[in-house]
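When reading the values below, keep in mind they use all heavy atoms of this one structure, side chains included, and skip hydrogens, waters and symmetry mates. Naming: A, B, ... by sequence-line order, numbering from 1 per chain.
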Amino acid sequence: MDELSAEDIRRYRGTPTEPGSNSPWRDRPREESLDLFRRMRAGEFPDGHCILRAKIDMAHPNINMRDPALYRIRHAHHHRTGDQWCIYPTYDFAHGQSDAIEGITHSICTLEFENHRPLYDWLLEHLPVPHRPRQIEFARLNLTWTVMSKRKLLRLVQEKYVDGWDDPRMPTISGLRRRGYSAASIREFCNRIGVSKTNSTVELSLLEFSLREDLNARAPRYMGVTDPVRLVIENWPRGHVEWFEASTSPVEGEGLVRKIPFSGELWIEREDYLEDAPRKWFRLAPDREVRLKFAYYVTCREAIRDETGEITEIRCTYDPESRGGDTPDGRKVKGTIHWVSAEHALPAEIRLYDTLFDRENPEEVDDFTTALNPDSLRICEGFLEPALAEIAPGDSVQFLRMGYFCRDLKNSAGPLVFNRSVSLKDNWARIVRNKREDE
RNA sequence: UGGGGCGUAGCCAAGUGGUAAGGCACCGGGUUUUGAUCCCGGCAUGCGCAGGUUCGAAUCCUGCCGCCCCAGCCA
């Protein structure tokens, strides 16, 4: 039992390059120590008055072996036992013993505990344990574009930078689940990155790939427009509605068949129209023809703008011969875009996520909260095809061409809310990016 | 300048004396009513560096270099 103050203990410990020296209490007779320990347990002393230490070697090159603390006084209130217990073991003292009692064979932990293993082993050797566990250390998982330490994540929650531990932007299991990450995709990700002792940071793209791979195989396809602009078909019979039958699977003969209403006024994705389109642009532009998925070919005639210059309506004509998405003359259209009939559309809140931080390594700045990405969440007022009303909270679907979305687990009572789990791979964006870099 | 770890491609990672797996990313091409998926091809004359041992070295030896962790009565 040592009665040195915390400050003195630190002084006696030495430094990594200089040995420490023995506490003046080190040779206290056992009976006296036992008595002190009993009284400490009985609550006779205030916090820090004395402490139980292991007698090992104050000159040991490993600082953890320089007479480490084992039991200290903490007058902490416990929700079950109240104030009756006031002494607590250190992590090092408890670790090996609890492993031994639980029959643990391989006690796996992270690299920073490597220096503690000699103490872990020393305690097991010197204490009456029922079994000898072995501690094995591995590198922790780090991911680009986020932080992983519990202490940092806690700050994000406490300081309200996110909505809670299950905010879909959090790299927590509950956050990933709410984002729409399946258990299978997370497991497959873990298989892919492996386990080693190398300090490493895995690229986020690998996590995203694992999700896409799983959802590509499982998620039914529907149509939803996230950033809507109105498309009017000038030669469509007024008030006419057609219903198309389409499968939710891209694979012939698989999936469920549901009906999709089509009419003369649709919502399409704002980004699917471009005024000055390059030659390789396959979507809508003045005088260009595209296929409306499952339905008809339409040719763009004009775009109508408001006073601010924003496009409010795109006017097209359709080819009645192209019903179903093919024409008798066999002419090809390069682009196929998704749509939702305006009259039948389900309004929905669609949440699009970006990385929580604005850089690959948020730890490179002094305070990681200054590296938060202000655009990590974008809330859209979108429109969905009617069949999407049947999707249960927590279920994943693909919105054609827009990515994989998961109906939010919370907010299940009110209007439809969908979280985007991950976008689809976007080769067009890549082409545009590469071209810009060439110029 | 003490001790404990780790260095194989842009990012992960196999490999333990027989001539550098695999995945992601990236780059080409094909198929496609999702610019998705799928398919085909490319991507380390080289394993932190320098010597040495060996018929043969990422693997063994020696010496360097770089990065991470440790001076809580935190975990």
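- Residue A/His116 is classed as a base contact, given a heavy-atom separation below 4.0 Å to a base.
- Rounded to an integer number of Å, the gap from CG of A/Leu211 to C1' of B/G23 is 17 Å.
- Heavy-atom minimum distance, A/Trp25 versus A/Met1: CB-O, 3.8 Å.
- Using a 4.0 Å heavy-atom distance criterion, A/Ser5 is classed as a base contact.
- Rounding to whole angstrom units, CE of residue A/Met402 and C1' of B/G35 are separated by 13 Å.
- Here A/Lys293 lies in heavy-atom contact (under 4.0 Å) with a base.
- Ring to ring, A/His344 and A/Trp243 are close: their centroids are under 6.0 angstrom apart.
- In this structure, A/Glu137 reaches neither bases nor backbone, as no heavy-atom distance under 4.0 Å exists between it and the strands shown.
- Judged as a side chain to side chain donor-acceptor pair (under 3.5 Å), the pairs with a partner in residues 45-61 of chain A (not counting sequence neighbours) are, in order, A/Asp2-A/Arg53.
- Within 4.0 Å (heavy atoms only), A/Asn216 reaches sugar-phosphate atoms of the nucleic acid but no base atom.
- Nucleotide B/U31 holds its P atom 19 Å from the CD atom of A/Glu252, rounded to whole Å.
- For A/Phe93 and A/Tyr88, the gap between ring centers reaches or exceeds 6.0 Å.
- Here the separation of B/U19 from B/A58, taken at their P atoms, is 11 Å to the nearest Å.
- Listed by chain and residue number, A/Arg331 satisfy the side chain to side chain donor-acceptor pair (under 3.5 Å) test with A/Glu289 (two or more places apart in sequence, or in another chain).
- Side-chain atoms of A/Asp395 do not come within 3.5 Å of backbone N or O of A/Arg407 as any donor-acceptor pair.
- What separates CZ of A/Arg221 from C1' of B/U34 is a distance of 8 Å, to the nearest Å.
- Looking at A/Glu390 and A/Arg258, no side-chain N of the basic residue comes within less than 4.0 Å of a carboxylate O on the acidic one, giving no salt bridge.
- Of the listed residues (A/Arg187, A/Arg192, A/Arg218), just one forms a salt bridge (charged side-chain N to carboxylate O under 4.0 Å, His left out) with A/Glu213, and that residue is A/Arg192.
- Not a single donor-acceptor pair under 3.5 Å links the side chain of A/Thr90 to the backbone N or O of A/Tyr71.
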Using atom names, set out every protein N or O paired with an N or O of nucleotides 13-16 of chain B below 3.5 Å, distance rounded to 0.1 Å.
unit_1 : atom_1 : unit_2   : atom_2 : d
B/A13  : OP1    : A/Ser196 : OG     : 2.3

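- Evaluation of the side-chain contact (heavy atoms from CB on, under 4.5 Å) rule for A/Val251 yields A/Ser249, A/Glu254 as partners, not counting sequence neighbours.
- Between A/Tyr296 and A/Phe262, the ring center distance clears the sub-6.0 Å criterion.
- B/U16 and B/G30 have their C1' atoms separated by 42 Å, with the value rounded to a whole Å.
- A heavy atom closer than 4.0 Å to some atom of RNA chain B occurs in A/Gly48, A/Ile51, these being the qualifying members of residues 35-56 of chain A.
- Contacts between residues 10-18 of chain A and RNA chain B, counted as heavy-atom distances below 4.0 Å, involve A/Arg10, A/Arg13, A/Gly14, A/Thr15, A/Pro16, A/Thr17.
- Side-chain proximity of A/Arg151 to B/G35, B/C12, B/G72: nearest is B/G72.
- Centre separation under 5.5 Å together with a plane angle under 30° holds for the ring of A/Trp428 and the six-membered base ring of B/G35, marking them as stacked.
- Atom CD of A/Glu203 is separated from atom C1' of B/A9 by 12 Å (rounded to the nearest Å).
- Both tests do not hold together for A/Arg359 against A/Trp145: distance to the six-membered ring centre under 6.0 Å, angle to the ring axis within 45°.
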Checklist entry - Where does RNA chain B pair, written as one dot-bracket string 5' to 3', with Watson-Crick or G-U pairs under 3.5 Å, ( ) inside the strand, [ ] for crossing pairs and | for another strand? => result .(((((((.[[[..)..(...]]].(((((.......))))).....[[[[[..)....]]]]])))))).....
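- Looking at A/Arg283, its side chain comes within 3.5 Å of the base of B/G35 through a donor and an acceptor atom.
- For the C1' atom pair drawn from B/C70 and B/A75, the interatomic distance equals 14 Å after rounding to whole Å.
- Per the geometry, CD belonging to A/Glu208 stands 12 Å off C1' belonging to B/A25, to the nearest Å.
- Contacts of A/Lys280 with the nucleic acid, taken as non-hydrogen atoms under 4.0 Å apart, include base atoms.
- The CG atom of A/Asn361 sits 14 Å away from the C1' atom of B/C11 (whole-angstrom rounding).
- Qualifying side-chain contact (heavy atoms from CB on, under 4.5 Å) partners for A/Ser396, counting only residues two or more places apart in sequence or in other chains: A/Leu215, A/Cys406.
- Residue contacts for A/Phe282: at a heavy-atom cut-off of 4.0 Å it reaches a base atom on one of the strands shown.
- Side-chain N/O atoms of A/Asn115 and base N/O atoms of B/C69 include a donor-acceptor pair closer than 3.5 Å.
- Put simply, CG on A/Leu206 is 12 Å from C1' on B/G22, counting in whole angstrom units.
- Ion pairing between A/Arg38 and A/Glu44 fails under the 4.0 Å rule for side-chain N and carboxylate O.
- Annotation: proximity of residues 66-88 of chain A to RNA chain B (heavy atom, distance under 4.0 Å) is found for A/Ala69, A/Arg72, A/Arg74, numbered in ascending order.
- Across all strands shown, A/Leu4 has heavy atoms under 4.0 Å from base atoms, whether or not it also approaches the sugar-phosphate.
- A/Asn419 and A/Tyr353 share a side-chain donor-acceptor pair at under 3.5 Å.
- Contact between the side-chain N/O atoms of A/Lys334 and the OP1/OP2 oxygens of B/G35 is not found at any separation under 4.0 Å.
- Only the C1' atoms considered, B/U31 is 11 Å distant from B/U37, to the nearest whole Å.
- Aromatic rings of A/His95 and A/Tyr91 (six-membered ring for Trp) have centroids within the 6.0 Å cut-off, being under it.
- For A/Phe399 and A/Tyr404, the distance between ring centers is not under 6.0 angstrom.
- For the 3.5 Å distance criterion, the side chains of A/Asp214 and A/Tyr181 fail to qualify, holding no donor opposite an acceptor.
- The existence of a salt bridge linking A/Glu269 and A/Arg401 is excluded, since no basic side-chain nitrogen approaches an acidic carboxylate oxygen closer than 4.0 Å.
- In this structure, A/Thr201 reaches the sugar-phosphate backbone alone: every heavy-atom distance under 4.0 Å involves primed, P, OP1 or OP2 atoms, never a base.
- Residue pairs meeting the side chain to side chain donor-acceptor pair (under 3.5 Å) criterion with at least one member in residues 277-288 of chain A, sequence neighbours excluded, are A/Asp272-A/Arg283.
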Atom pairs and distances, donor-acceptor, side-chain atoms in residues 147-156 of chain A, under 3.5 Å, two or more places apart:
unit_1   : atom_1 : unit_2   : atom_2 : d
A/Ser149 : OG     : A/Lys152 : N      : 3.0
A/Lys152 : NZ     : A/Glu363 : OE1    : 3.1
A/Arg155 : NE     : A/Glu159 : OE1    : 3.4
A/Arg155 : NE     : A/Glu159 : OE2    : 2.8
A/Arg155 : NH1    : A/Asp367 : OD1    : 3.2
A/Arg155 : NH2    : A/Glu159 : OE1    : 3.3

N/O-N/O pairs, protein side and nucleotides 27-29 of chain B side, under 3.5 Å:
unit_1 : atom_1 : unit_2   : atom_2 : d
B/C27  : OP1    : A/Asn434 : ND2    : 2.7
B/C27  : OP2    : A/Arg430 : NE     : 3.3

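- Of the P atoms belonging to B/G7 and B/C49, the separation is 14 Å, rounded to the nearest Å.
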